[in-house]
S.K.: 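Got a structure here, written out as structure tokens. Questions coming.
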Amino acid sequence: MPEIVVGETATGGLPAWLTASAPGDVRGWIGDRSFVAHRLALQGGFTRWWLVDDTDHGLALRQLTAEREHTRFLIEASTSLLSTLNPERCMEVTARLAAKHLADAAVVVAPVAGRRLPMVLCTDGERVEHRSMPRDPATVPGLAEALRGFPPLPSRWIDPASAPEWVVPEGFGAVGSLVVMPLPGPGVPAGALLLLRSSGGTTFSDSEEECAVLFATRAGAALSAARLYAEQAAITDVLMRDLLPPQLPKLEGVEMAAGYRTSGDGERVGGDFYDIHHTDGEVGSGPGALVVLGDVCGKGLEAAVLTGKIRNTLHALLPMADDHHRMLTLLNRALLTSHHTRFATMVLASVTRSGGGARLRLTSAGHPAPLIVRHDGTVEETDTRGSLIGVLPTLTSRTTEVTLAPGETCLLFTDGIPEAKGGPMGDELFGEARLERALAQCAGMPAAAVVERVQMLASEWVGDGKHDDMALVAITAPGGTHLTAVDGTTPGRYTG
């Protein structure tokens, strides 16, 4: 720094253009230059002043302080922007941060949706306003270009008076300075950012505009990620609608209930599935239903996709629902000709009402045989067997018929229940014997109660351990209603 001896004074007083900011530290300005005066005491009561030009040093310190503030702001912005994957919330965070740190007000404009411009406006980093305006972005200088991803225009090139009212927050007043810049995204811009300062305030400096560009880059990446996540979530939700277990239709005179639990608590679909379809039934038997319970090899999304294909194929084969073997044979051919290498097991149950009970035709294809719970608590395994679906060119199956008296239940289940590991040591199978004992206690219960009981026992057995998908369907011939108004136990008439 240049040093100048400016003179000596007998009293040690200061020249008129100097001011003391601290003991021994004197500063002042000569024209547009800043100086620091250092005092040196001499013999005889004289003082010598040494003058140092610190204009550039002070400017460097101010720039360093500003850069530190910008860095601190960008770190805070990155943390805040990454805290949400909701597009509207991300736009609000962007507007608040920009209005608080970069300008007096900020406007975030999303890409054109139809003929409207979705916007979020913020003043003072607090007040947020949502707008959706049927406006042409070309009416704002540089906005149409920013929405297409073009580089921003310097604020000195934009006339702030040209900003239309619809981009100015309510009560903001006249615009004194305006910056318009894109919010970059991966290939497609995520929108545009408008920074406004009121009239009478300072204009945007080059360093402030550079900081705004860095902020816009981070905000654009966060907005793009949020919109991509929202789009994927919407697509997934649409696809899931056909993969999720259906609501059970009602069949007069027959109760049906189902339960489903995926192998992962955070998953919505898996490899197990069930469907219940209305059918015309056999001649003279009235309307009926076809119950399908299946298990696709594997877990997760890939198994769920094959599950959807199987369900759609079976739905197309409903006209031949009275011939289980034919349905399973055609499904087997469809899986053999697909690119999937997985196989499936399945059990079909055709249900029709028969007097006061129900008649079932059951066909298994590599699946655990259904269990029958009689009214006296006896549990029977049905006599049906078959080969896996999607493995061999020729499928074998055996169909059996079962009649349910009032109060009796047929339970269809996947192997995730008997093969569930748990117990005191965590490695013991739930087993078919334990399942049959549980069902014996469910004699006379409604279908929903049977399903809930089995699910509860299996879940308690597994605890927090890993398990396969679990699905079950209960078909119950409801017991009659006793009409004797004596003590509820004496013989009397029952309704069907």
Side-chain angles (χ1 to χ4, degrees), residues 73-103 105-140 142-152 163-164 166-170 172 178-196 211-241 266-268 301:
F73 159 62
L74 292 175
I75 293 174
E76 175 190 345
S78 297
T79 303
S80 300
L81 290 168
L82 294 175
S83 64
T84 178
L85 285 174
N86 181 287
E88 289 190 1
R89 172 63 179 160
C90 197
M91 289 178 65
E92 291 180 3
V93 172
T94 300
R96 280 198 174 100
L97 288 171
K100 180 179 179 181
H101 296 278
L102 300 175
V107 182
V108 178
V109 183
V112 178
R115 295 185 177 181
R116 304 184 71 86
L117 281 175
M119 297 186 299
V120 173
L121 301 86
C122 182
T123 308
D124 302 326
E126 296 295 336
R127 293 175 295 170
V128 173
E129 178 186 355
H130 287 263
R131 293 181 184 176
S132 181
M133 306 296 291
R135 304 292 184 179
D136 181 6
T139 58
V140 181
L143 179 56
E145 292 79 7
L147 289 173
R148 291 198 295 269
F150 285 88
W166 54 271
V167 297
V168 180
E170 186 177 353
F172 182 77
L178 174 64
V179 172
V180 181
M181 60 184 56
L183 295 173
V188 179
L193 175 64
L194 282 67
L195 302 177
L196 296 81
C211 180
V213 169
L214 294 176
F215 168 74
T217 302
R218 288 161 171 77
L223 277 168
S224 297
R227 290 203 179 99
L228 179 61
Y229 176 82
E231 291 174 3
Q232 290 178 340
I235 293 172
T236 301
D237 186 62
V238 171
L239 296 176
M240 286 292 183
R241 292 175 189 172
E267 298 175 354
R268 299 172 63 190
L301 185 59

S.K.: Could you pull out the closest heavy-atom pair between G191 and P111, with the gap in Å?
M.R.: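 Residues G191 and P111, closest heavy atoms: CA-CD, 4.0 Å.
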
S.K.: Would you call R127 and E129 a salt bridge, using N to O less than 4.0 angstrom?
M.R.: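 No, R127 and E129 are not salt-bridged.
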
S.K.: I want to check something: taking the side chain as every heavy atom from C-beta on, are P189 and L183 in contact at a cut-off of under 4.5 Å?
M.R.: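 No - every pair of side-chain heavy atoms lies 4.5 Å or more apart.
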
S.K.: Tell me every residue that passes side chain to side chain contact (heavy atoms under 4.5 Å, CB included) with P118, counting only those two or more places apart in sequence or in another chain.
M.R.: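 P118: side chain to side chain contact (heavy atoms under 4.5 Å, CB included) contacts with A110, A113.
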
S.K.: Shortest non-hydrogen contact from L195 to A106?
M.R.: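 Scanning both residues, the minimum pair turns out to be CD2-CB, 4.2 Å.
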
S.K.: Less than 4.5 Å apart, side chain to side chain, heavy atoms only: is that true for V107 and R131?
M.R.: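 The answer is no; the side chains never approach within 4.5 Å.
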
S.K.: Does CD belonging to E88 count more than 12 external heavy atoms closer than 6.0 Å?
M.R.: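 At most 12 heavy atoms, drawn from other residues, nucleotides or ligands, come within 6.0 Å of this atom.
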
S.K.: Listed by chain and number, what are the side chain to side chain contact (heavy atoms under 4.5 Å, CB included) partners of T139, not counting sequence neighbours?
M.R.: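 With neighbours one apart ignored, the set is D136, P164, W166.
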
S.K.: How about L117 and L147: do any of their side-chain heavy atoms sit closer than 4.5 Å?
M.R.: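 SC-SC contact between L117 and L147 confirmed.
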
S.K.: Can you see which heavy atom on T123 is nearest to which on A105, and at what distance?
M.R.: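 Looks like OG1-CB, 4.2 Å.
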
S.K.: Residues two or more places apart in sequence or in another chain: which of them pass salt bridge (Lys or Arg N to Asp or Glu O under 4.0 Å) with E92?
M.R.: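 Result, salt bridge (Lys or Arg N to Asp or Glu O under 4.0 Å) vs E92: R89, R96.
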
S.K.: Provide the closest heavy-atom pair for P87 versus L223 in the form atom of the first, atom of the second, distance.
M.R.: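 So the two residues come closest at O-CD2, 3.9 Å.
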
S.K.: Minimum heavy-atom separation for P169 to L121, with atom names?
M.R.: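 That would be N-CD2, 3.8 Å.
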
S.K.: Between S80 (side chain only) and A77 (backbone N and O only), is there a donor and an acceptor less than 3.5 Å apart?
M.R.: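 Between the backbone of A77 and the side chain of S80 there is no qualifying donor-acceptor contact (under 3.5 Å).
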
S.K.: Looking at side-chain heavy atoms only, is the closest gap between P152 and P182 below 4.5 Å?
M.R.: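 Contact flag for P152/P182 side chains = yes.
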
S.K.: Between R116 (side chain only) and S132 (backbone N and O only), is there a donor and an acceptor less than 3.5 Å apart?
M.R.: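 Present.
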
